[in-house]
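The chains referred to below are lettered A, B, ... by the order of the sequence lines, with proteins before strands, and numbering in each begins at 1. Predicted model only: the values in this text are computed from it and were never measured.
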Amino acid sequence: MLKKLRRTVIRLLKEGNITELDKRELIDLIKESQAIAIKVNGVLKDLSALDSINPHDTLEIVSQNSPEGLEILRHSTAHVMAHAVKELFPDVKVTIGPAIEDGFYYDFDRESSFTEEELRKIEKKMQEIIKARKPFIRREISKEEAIKLFENLGEDYKIEIINEIEDDKVSIYEEGGFVDLCRGPHIPHTGMIKAFKILNVAGAYWRGDEKNKMLQRIYGTAFPSKEELEAYLRFLEEIKKRDHRRLGKQLRLFDISDEIGAGLIIWLPNGAVVRKVIEDFWKDEHLKAGYQLLYTPHIAKLELWNKSGHLDFYRENMFAPMSVDEVAYQLKPMNCPFHIQVYKSELRSYRDLPLRFAELGTVYRYERSGVLHGLLRVRGFTQDDAHIFCTEENLEEEIQKVLDFTIFILSTFGFDNYEIYISTRPEKYVGTLKNWDRATNALEQALKERNLPYQIDPGEGVFYGPKIDIKIKDVLNRAWQCSTIQVDFNIPERFDITYRGKDGYEHRPIMIHRALMGSLERFMGVLIEHYAGAFPTWLSPVQAVIMTISEKHINYAENIYKKLRDEGLRVKLDRENEKIGYKIRQATLDKIPYMLIIGDKEAEGGRITVRLRSGENLELIELEKFIELVKKEIKERKNIKEVPK
RNA sequence: GCCACCAUAGCUCAGCGGGUAGAGCAGCUGAUUUGUAAUCAGCGGGUCGGGGGUUCGAAUCCCUUUGGUGGCUCCA
């Protein structure tokens, strides 16, 4: 259909003379093709703009299945929602309502929030508006006219927006009597909204500034078809099921206790095992990669943080200092000053560089209570931190090494898709332009050489140097910010660290901060959601559970238990006086990878029956063979893609 | 921090407009000796997050406090 449409359009344009008849033909075609808008010379316009195209314009059809079309559909749905709200609650003032990644929102000024009941009413009213198939009508009017219009309507926020628009003219859209200031474009009529849903409400400041008034935001989403909407709602369900807070409780991985404090994690035995395995892996690999491991204290004199500059630029994220023998001490928000001290503990020569200091350093940062979130946003966490001290000449090579190392670590956990960003020099910065260019170049070069696609975040670097941020994509294709590689020109200067060069003079080393997983807490949270709690065997808190058919098999089961434990496997013996079905259910809910079932058959032949958490059964197998298989799986850190229900 | 909502047994939750608490699971005890996602029975367990107020009477209404949840410019 679209092809036919394009052909027609091309023909019409080539002929250079569009008759009324052709236009009608065109419009029919567009209707049939589910077009939602058009692009004239690359500019998005309403479908109605078709009436005013010129023979030499380029024309593109925007269907509601394209990203742009979907955005328009959602934006129009936001208008319909505002319309419904105004009809139901005439005193409410409308503000803005854009389309966002997975839907749309609209912010309203109203004293109280919207209740569930009111949301359902709004949805119902929206249905009515949609059913009425009201056309969206665009009008361009002068600013004065617009101000008058919205003054009459009592829409102060719109007036504020109009006053900030630079053009003399603004556009308004009207649909079923509801007028809104809007750039557009919009769908031709409200009847084109086939599937939408109001999702939730939240407070939001006018223009996101907490000094402004708190508005009531309603979130919703819309799709071209009911099927797509339902698929999206199922996706939301899946996210809920994988929520690390829920799984963390269910699998007894971690806890956050009111009595201990908000944003502070306690690791329960199950979670502690997973963390230990990750830490061991991390340390081993760092040693192999030429890092040296460090341990540093959790507090230090406040003066250290003054010298490092953290007091100037990081104070609001730091816990309040404490007084020890009348000297102020500070809980550490970062590890770098300590690593600097390690550097300074000896005289360094160019022969020593690069020096790579790594530490699983626990830091404490003050986060506002409202932003805390499970393991993902906390007040105390352990960074998998390292600082690399190198010369200018080393810089590029070191960055490449870090990049390779990062990819290796991340892919071990099954993260093979990344979004990579380079943040360049901000307005306020330290260091020389030459150094910034050189470092930014080194970051870019490293990514290019590894064929890793990246985007530039202009001016988003930290004041002390440019950086690479890596977001990993989990199985649900959600992006999580974990890894960061930052060049720092500031701290070496502040602490006046040097090395003796070949030339016999003192030089200033460059420092790279880097974290691969970011924080262990956060990374664990991501892992839990990524694996839906079903850790691959090498990470699983319990790797195998032995269960007997009846109590008479306990002796044999104990033998197996001892053997497996001696082999270094994390194994549990289920001695409960229950039927096998019950034990299987428990182990399955605990997402334990292997269930070893022991009955008469097995006891006789010195074998075991293995059931996987997916429900699949392996053949009756020799114990030795099983041990061999599992040990191999663990050694290879095999990633299981299976997702048990 | 701000707005809204929430907090009842170890866990998940029910307790409609105020009349001093219930279920399932888990736990314990006993019976059962079991072959692939819940065997049966009995028992114990909560001053309803903390504090204050209204009331003859508060899990329920009000205030306050702590914690949690969804959000807080992807700009008409």
Describe the nucleic acid contact of [X] in one word from base, sugar-phosphate, nothing, applying a heavy-atom distance below 4.0 Å.
X         : result
Asn617(A) : base
Ile172(A) : nothing
Asp600(A) : base
Gly581(A) : sugar-phosphate
Arg217(A) : sugar-phosphate
Glu578(A) : base
Ala202(A) : base
Thr95(A)  : nothing
Gly103(A) : nothing
Glu602(A) : base

Using the [atom1] atoms only, state how far [M] lies from [N], rounded to an integer number of Å.
N       : M       : atom1 : answer
rC62(B) : rG18(B) : P     : 11 Å
rC5(B)  : rC40(B) : P     : 43 Å
rU29(B) : rC16(B) : P     : 37 Å
rA21(B) : rC13(B) : C1'   : 14 Å
rA59(B) : rG51(B) : P     : 12 Å
rA7(B)  : rC61(B) : P     : 10 Å
rG57(B) : rU39(B) : C1'   : 46 Å
rG67(B) : rC25(B) : C1'   : 25 Å

With respect to the phosphate group of rG35(B), does any side-chain polar atom (N or O) of His553(A) fall under 4.0 Å of OP1 or OP2?
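His553(A) to rG35(B) OP1/OP2: no side-chain N or O under 4.0 Å.
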Tell me whether the OP1 or OP2 atom of rA26(B) has a side-chain N or O from Tyr582(A) closer than 4.0 Å.
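So the side-chain polar atoms of Tyr582(A) do come within 4.0 Å of the phosphate oxygens OP1 or OP2 of rA26(B), strictly under.
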Pairing nucleotide - [N], Watson-Crick or G-U, each distance under 3.5 Å:
N       : result
rA59(B) : none
rG42(B) : rC28(B)
rC2(B)  : rG71(B)
rA7(B)  : rU66(B)
rU20(B) : none

Between [options], which one does the side chain of [X] approach most closely?
X         : options                   : value
Lys249(A) : rC11(B), rC75(B), rG71(B) : rC11(B)
Arg245(A) : rU36(B), rG1(B), rG70(B)  : rG70(B)
Tyr366(A) : rA37(B), rG35(B), rG1(B)  : rG1(B)
Glu576(A) : rG1(B), rG27(B), rC75(B)  : rG27(B)
Lys601(A) : rC3(B), rA37(B), rG35(B)  : rG35(B)
Tyr219(A) : rU36(B), rG35(B), rC72(B) : rC72(B)
Leu589(A) : rU33(B), rC11(B), rA37(B) : rA37(B)
Ile549(A) : rG35(B), rU36(B), rG1(B)  : rG35(B)
Arg183(A) : rC72(B), rC75(B), rG35(B) : rC75(B)
Thr588(A) : rA37(B), rC2(B), rG70(B)  : rA37(B)

Whole-Å distance between [N] [atom2] and [X] [atom1]?
X         : N       : atom1 : atom2 : value
Ile584(A) : rU36(B) : CD1   : C1'   : 3 Å
Ile554(A) : rU33(B) : CD1   : P     : 16 Å
Lys579(A) : rU33(B) : NZ    : P     : 12 Å
Ile260(A) : rG49(B) : CD1   : C1'   : 16 Å
Met547(A) : rA37(B) : CE    : P     : 11 Å
His75(A)  : rU73(B) : NE2   : C1'   : 14 Å
Asn212(A) : rG71(B) : CG    : P     : 21 Å
Trp206(A) : rC3(B)  : CH2   : P     : 19 Å

Judged by each residue's nearest nucleotide on RNA chain B, which is more toward the 5′ side, Arg585(A) or Ile580(A)?
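It is Ile580(A) whose nearest nucleotide is closer to the 5' end.
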Upstream residue (5' side of RNA chain B) when Ile162(A) and Ala262(A) are each assigned their closest nucleotide:
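Its nearest nucleotide being more 5', the pick is Ala262(A).
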Quiz item: Tyr205(A) side-chain donor-acceptor pair to rG1(B) base, under 3.5 Å
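Between rG1(B) and Tyr205(A), which were checked side chain against base, a qualifying N/O pair under 3.5 Å is present.
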Assess whether one donor atom and one acceptor atom, taken from the side chain of Glu367(A) and the base of rG1(B), lie less than 3.5 Å apart.
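Between rG1(B) and Glu367(A), which were checked side chain against base, a qualifying N/O pair under 3.5 Å is absent.
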Would you please indicate if the ring centroids of [X] and [Y] are separated by under 6.0 Å?
X         : Y         : answer
His83(A)  : His79(A)  : no
Phe626(A) : Tyr594(A) : yes
Tyr106(A) : Phe108(A) : yes

Would you sort out whether Lys241(A) and Glu238(A) count as a side-chain contact (heavy atoms from CB on, under 4.5 Å), showing the intermediate values?
CA-CA 5 Å; Lys241(A) 257 195 261 168; Glu238(A) 182 63 30; 3.7 Å; yes
Is the NZ or CZ atom of Arg365(A) both under 6.0 Å from the centre of the six-membered ring of Phe319(A) and within 45° of that ring's axis?
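The answer is no, since Arg365(A) fails at least one limit relative to Phe319(A).
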Under 3.5 Å, is there a donor-acceptor pair linking the side chains of [X] and [Y]?
X         : Y         : result
Tyr219(A) : Arg217(A) : yes
Asp469(A) : Thr484(A) : yes
Glu602(A) : Thr609(A) : yes

Distance in Å, Arg478(A) CZ paired with Lys471(A) NZ, rounded so as to fall on 0.5 Å steps
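Here the rounded value is 13.5 Å.
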Does atom CG (Asp168(A)) have a neighbourhood of more than 12 heavy atoms from anything else shown, all under 6.0 Å?
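No, the 6.0 Å shell around CG holds no more than 12 heavy atoms from other groups.
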